[in-house]
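Everything on this sheet refers to the single structure shown next.
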Amino acid sequence: MKNRLKNLGNISVLESDNENQVNQKQVIEELQKKTYDLGERVKELNCLYTISHLIEKPDVTLDEILQGTVNIIPPSWQYPEITCAKITFKNNVYTTDNFLETEWLQQCHINNHRQIVGSIEIYYFKKMPDFDEGPFLKEERSLITAISERLGKEFERIEAEKELRKTNAELEQRVAERTSELAQANMLLEIDISKRIQCEEALRESEEKFRVLVETTTDLVWEINSKAIFTYVSPQIENILGYKPEEIIGESGFLLMLPEEQEKFGEIFDKLRIKGDPILSEATLNSHKDGSLVILESNGTAVYDDNGNVIGYRGVARDITKHKQAEDALRESEKKFRTLVENSSDWIWEVNSDCVYTYVSPQIETILGYTPKEVLGKSPFEFMSLAEKEKVGKIFNNLSEKGEPIISIENINTHKDGSQVILETSGVAVLDEEGNITGYRGIDRDITIRKQFENKLNEERKRAQTYLDIANVLFVALDDSGIVTLVNQKTCEIFGYTEEEMVGKNWFDNFIPEHLRAMVKDVAKQLMQGIIKTVEYFENPVLTKSGDERIIAWYNTIVRDSNGIIIGNISSGEDITERVQAEEALKESEEKFSKIFMTSPNPITITSLERGEIVDVNQSCEEAFGYSKEEVTGRTTLDLDLWCSSNERNKFKDALKENESLKDFELKIKRKDGKIRTCLVAFSKIQLNSKSYIVSVALDVTERKLQKIALVEANKLLANEKVLLSNKNIALQEVLGRIADQKEEIKLQLHKNISNVILPMIEPLKKAAEPSFINMLNLLESSLTEITSPLVDRLENLYAKLTPRETEICNLIKAGFDSKEIADNLHLSVNTIHTQRRRIRKKLGINDNKTNLTNYLKSI
């Protein structure tokens with residue numbers, strides 16, 4: 001028997017194709033037969049319904065009924081195209097237009113009070129296969145009998161109506177006589193009855209208005225007696241507290257309150273009842289039927305008897321839980337914000353449209369020496385020199401005219417003691433309801449010490465020395481035309497050339513594979529011309545002397561002269577050929593598993609064990625239960641109302657608690673359309689990325705419960721394959737772990753070699769070099785430091801900004817998938833993928849549209 005493996009991540013499903021094909025053929029044949037039979041029954045029902053509709057028409061005559069019935073009969077028989085009919089009633093005959101008497105006849109008498117008054121005759125024009133009654137079906141015999149009985153009853157009704165009209169005429173005569181006798185009495189009662197009717201109508205209208213008001217208001221309307229026992233509660237109690245009115249009426253009004261609330265409110269009620277004072281906005285903490293807490297605000301007035309004694313209270317209660325929670329959340333938020341502002345080392349500020357401070361946080365005193373009171377009402381420019389005011393003021397005016405944000409503008413301010421403080425300012429525009437700018441709100445950070453450190457660091461960089469061949473990474477320097485000007489020993493080893501063979505050669509024509517040469521040349525040209533920004537990190541193949549291709553991860557920086565003109569490019573790199581090959585193999589394996597999962601004919605569900613939320617379902621699951629993937633993702637089975645009963649759900653929960661995995665667990669599950677399906681469910685608890693999940697595989701056995709034995713065997717194979725796949729995943733994870741460790745060692749070694757070995761050796765070179773070569777060494781020294789100093793931290797932190805879904809999309813983009821392919825692969829819309837791409841660009845700091853996201857991701 002041929003088996004097919006269905007898999008998602010750590011899940012494998014085995015099914016027997018041959019058995020499924022045989023069962024499917026049988027089901028289709030049975031379904032076609034039942035569909036045909038159902039169509040015939042629908043025709044019969046339509047026939048009876050149409051006859052009933054004809055009879056029930058107002059003012060319809062007997063002739064119209066009989067002729068209409070004759071015309072309705074042929075389309076309801078098995079062969080309507082060769083069917084005609086005739087009805088005989090007393091001395092009248094009614095036929096179809098194509099009526100023709102033949103030997104193939106089905107007939108039934110029409111009885112009225114057990115006497116034959118007519119007949120129905122149905123003929124076929126030609127011989128047809130024999131069924132239950134010649135060429136006619138037993139169901140057609142039942143139908144013609146039903147039609148004759150219906151017509152017989154209609155004849156009885158018509159005769160009864162004639163008799164009734166006669167009797168009514170006699171009765172009307174008697175009524176007229178009696179009416180004359182009662183006219184005098186009616187005149188005396190007319191005024192009294194009219195007034196009574198008006199009062200009753202007004203009372204009904206008032207009661208109806210009250211009922212509609214009570215049942216449609218979102219508040220709970222209640223009534224209690226003098227002992228605080230509920231005598232009435234409106235239906236809204238079910239929405240607010242989960243109980244039906246009949247569960248509450250007759251119970252104490254304090255029943256649903258917490259114990260401490262019962263005692264407190266009981267004392268309040270006793271005091272109010274003695275004087276008949278109203279209940280005004282009393283808030284109480286109550287228990288919902290599901291155990292949650294609900295805060296109700298109650299208002300009520302006393303109800304009195306005819307002697308003026310208080311016999312109870314009537315009022316309304318409003319659910320203010322969310323309102324209270326919102327108030328608490330707002331107070332907490334304000335507290336957190338106030339704490340954040342007051343404890344932040346940065347200075348938070350706000351200016352109006354005239355650029356005058358309307359708020360400054362207390363940190364201004366630490367940063368500039370002024371108290372907030374001394375600064376309010378002044379402009380930020382009052383704390384700057386004239387030159388600084390002109391420079392910063394120009395930048396601010398350009399931004400405020402367009403409402404653009406202030407992003408990390410450095411400005412020099414004068415401390416109260418006269419010293420200079422360097423601030424980094426960021427802020428956003430404040431808009432009114434019409435979108436007009438009313439000011440700016442932002443933050444200032446004291447970066448004086450940082451700038452001093454940066455200046456000192458720049459001076460130290462100028463004194464550093466380097467010697468490239470000592471480094472254990474590739475180094476290549478190109479001029480603006482792509483000619484190799486410098487390589488180190490590691491580069492020569494990887495490429496198989498000597499330094500003399502590489503220096504002076506065109507990089508693109510000699511060391512880039514031919515199929516990439518034109519594209520890489522074009523990108524390099526645009527970089528040298530400043531048309532596009534440099535990509536700090538990217539991976540691409542290179543061509544060695546032996547003709548092999550090696551994949552190198554490059555870290556790049558543009559070299560500029562003192563005037564800022566681009567004069568070349570310096571790159572450092574590492575050989576990642578083996579790592580890329582391993583990643584591609586892993587990707588191919590994951591794609592195979594994903595395709596198997598999505599094409600599995602069995603519904604498969606992955607659920608979070610901690611929260612019970614559905615993480616993913618395959619297409620078969622969507623088809624089996626009627627929900628789309630988007631409808632179920634992030635929701636629980638309780639949210640979707642999949643359980644037929646609480647017993648079913650509790651049984652499954654108990655099984656989860658007691659077992660890590662289980663097979664052949666029978667459950668009744670409710671589809672989206674409400675139909676109940678009996679399924680055999682196999683589930684297993686797994687760990688993915690240190691989180692626990694439940695993987696469930698369902699087999700619909702509503703019509704196939706006899707296949708239970710085969711399903712058990714299939715689940716055994718599923719468990720074995722799951723173990724094998726788990727072992728394979730563990731091996732893959734170990735390989736990836738070793739690759740990650742090797743990569744980290746290379747990064748740290750690169751940083752160490754450059755900082756400890758290369759940079760300290762530049763100064764002797766400068767002393768021995770000619771004046772024209774000193775500038776090049778200075779640029780080389782600065783560029784090497786820029787390449788290596790942020791290297792380790794940048795690689796570690798870049799992906800940390802992204803969510804797991806965004807990381808998954810990044811991997812697909814990097815692999816060359818377009819937006820439509822990604823949407824199909826993740827079962828999302830193309831618009832969703834476009835939105836995710838914009839978020840990813842923003843988080844990665846790609847603020848211009850010129851940078852290609854795919855190339856950028858490949859470069860990191």
_For F131 against F136, the heavy-atom pair lying closest together_ = CB-O, 3.6 Å
_Y232 vs V221, side chain to side chain contact (heavy atoms under 4.5 Å, CB included): CA-CA, chis, key distance, verdict_ = CA-CA 8 Å; Y232 172 79; V221 180; 4.3 Å; yes
_Note, T605 side chain near V632 side chain (heavy atom, < 4.5 Å)_ = no
*Test item: T702 side-chain N/O and T678 main-chain N/O as donor-acceptor pair under 3.5 Å*: yes
*So which heavy atom on A317 is nearest to which on I240, and how close?*
O-CD1, 4.5 Å
_From CA spacing to verdict: salt bridge (charged side-chain N to carboxylate O under 4.0 Å, His left out), E648, K670_ = CA-CA 11 Å; E648 288 284 311; K670 190 187 301 180; over 6 Å; no
*Nearest heavy-atom pair of S287 and L241: which atoms, and what distance?*
O-CD2, 4.2 Å
*Counting only heavy atoms not in R677, do more than 12 sit closer than 6.0 Å to its CZ atom?*
yes
_Set of ring-ring contact (aromatic ring centres under 6.0 Å, His included) partners for Y627, sequence neighbours left out_ = none
*Quick check: does any side chain N or O of E247 sit under 3.5 Å from a backbone N or O of K244, one acting as donor and the other as acceptor?*
yes
*asked:* Minimum heavy-atom separation for K629 and L826, please, with both atom names.
replied: NZ-O, 3.3 Å
*Is the backbone of L656 close enough, under 3.5 Å, to the side chain of K685 for a donor and an acceptor to pair up by distance?*
yes
_Quick one: does any side-chain atom of E539 pair with a main-chain N or O of I551 as donor and acceptor, under 3.5 Å?_
no
*Look at E806 together with K843 and state whether they make a salt bridge at an N to O cut-off of under 4.0 Å.*
yes
*Minimum side-chain heavy-atom gap I676-I669 below 4.5 Å*: no
_Rounded at 0.5 Å granularity, tell me how far CG in L667 sits from CH2 in W643._
5.5 Å
*Go through the side-chain N and O atoms of S645 and N647 and say whether any donor and acceptor fall under 3.5 Å apart.*
no
_For Q619, is the CD atom crowded, meaning more than 12 foreign heavy atoms sit under 6.0 Å from it?_
no
*asked:* Do N811 and E808 pair up side chain to side chain, a donor and an acceptor below 3.5 Å, judged on atom types alone?
replied: no
_Nearest 0.5 angstrom please: S76 OG to L143 CG, how far?_
6.0 Å
*Mind checking what makes salt bridge (Lys or Arg N to Asp or Glu O under 4.0 Å) contact with D673, not counting sequence neighbours?*
R671
_N/O donor-acceptor pair under 3.5 Å between E821 side chain and D818 backbone_ = yes
_Test salt bridge (Lys or Arg N to Asp or Glu O under 4.0 Å) applied to K672 and E631, E623, E622, the passing residue_ = E631
*Would the number of heavy atoms belonging to other residues, nucleotides or ligands and lying under 6.0 Å from CD of E610 be above 12?*
no
*Can I813 and R837 be said to form a side chain to side chain contact (heavy atoms under 4.5 Å, CB included), step by step?*
CA-CA 9 Å; I813 293 172; R837 291 177 76 115; 3.9 Å; yes
_Distance in Å, S252 OG paired with I229 CD1, rounded so as to fall on 0.5 Å steps_ = 5.0 Å
*asked:* With no hydrogens and no angle check, just 3.5 Å: does a side-chain donor-acceptor pair link T284 and N286?
replied: yes
*asked:* Please report the interatomic distance CD1(I614) to CD1(I606), rounded to the nearest 0.5 Å.
replied: 11.0 Å
_Tell me whether K651 at atom NZ has more than 12 heavy atoms from other residues, nucleotides or ligands lying less than 6.0 Å away._
yes
*Between S292 and D290, is a side chain to side chain donor-acceptor pair (under 3.5 Å) present by the stated rule, with each step listed?*
CA-CA 6 Å; S292 60; D290 62 11; 2.7 Å; yes
*Got a second to check how far L812's CG is from T807's OG1, nearest 0.5 Å?*
11.0 Å
*Minimal non-hydrogen separation, I295 against T321, with atom names*: N-OG1, 2.8 Å
*Which word best sums up how the rings of F265 and F254 line up, parallel for under 30°, tilted for 30 to 60°, or perpendicular for over 60°?*
perpendicular
*Rounded distance (nearest 0.5 Å) linking atom NE2 of H53 with atom CG of N46*: 12.5 Å
*Taking E613 for its side chain and S608 for its backbone only, find out whether a donor-acceptor pair lies under 3.5 Å.*
no
_For I237 against Y243, the heavy-atom pair lying closest together_ = CG2-O, 3.2 Å
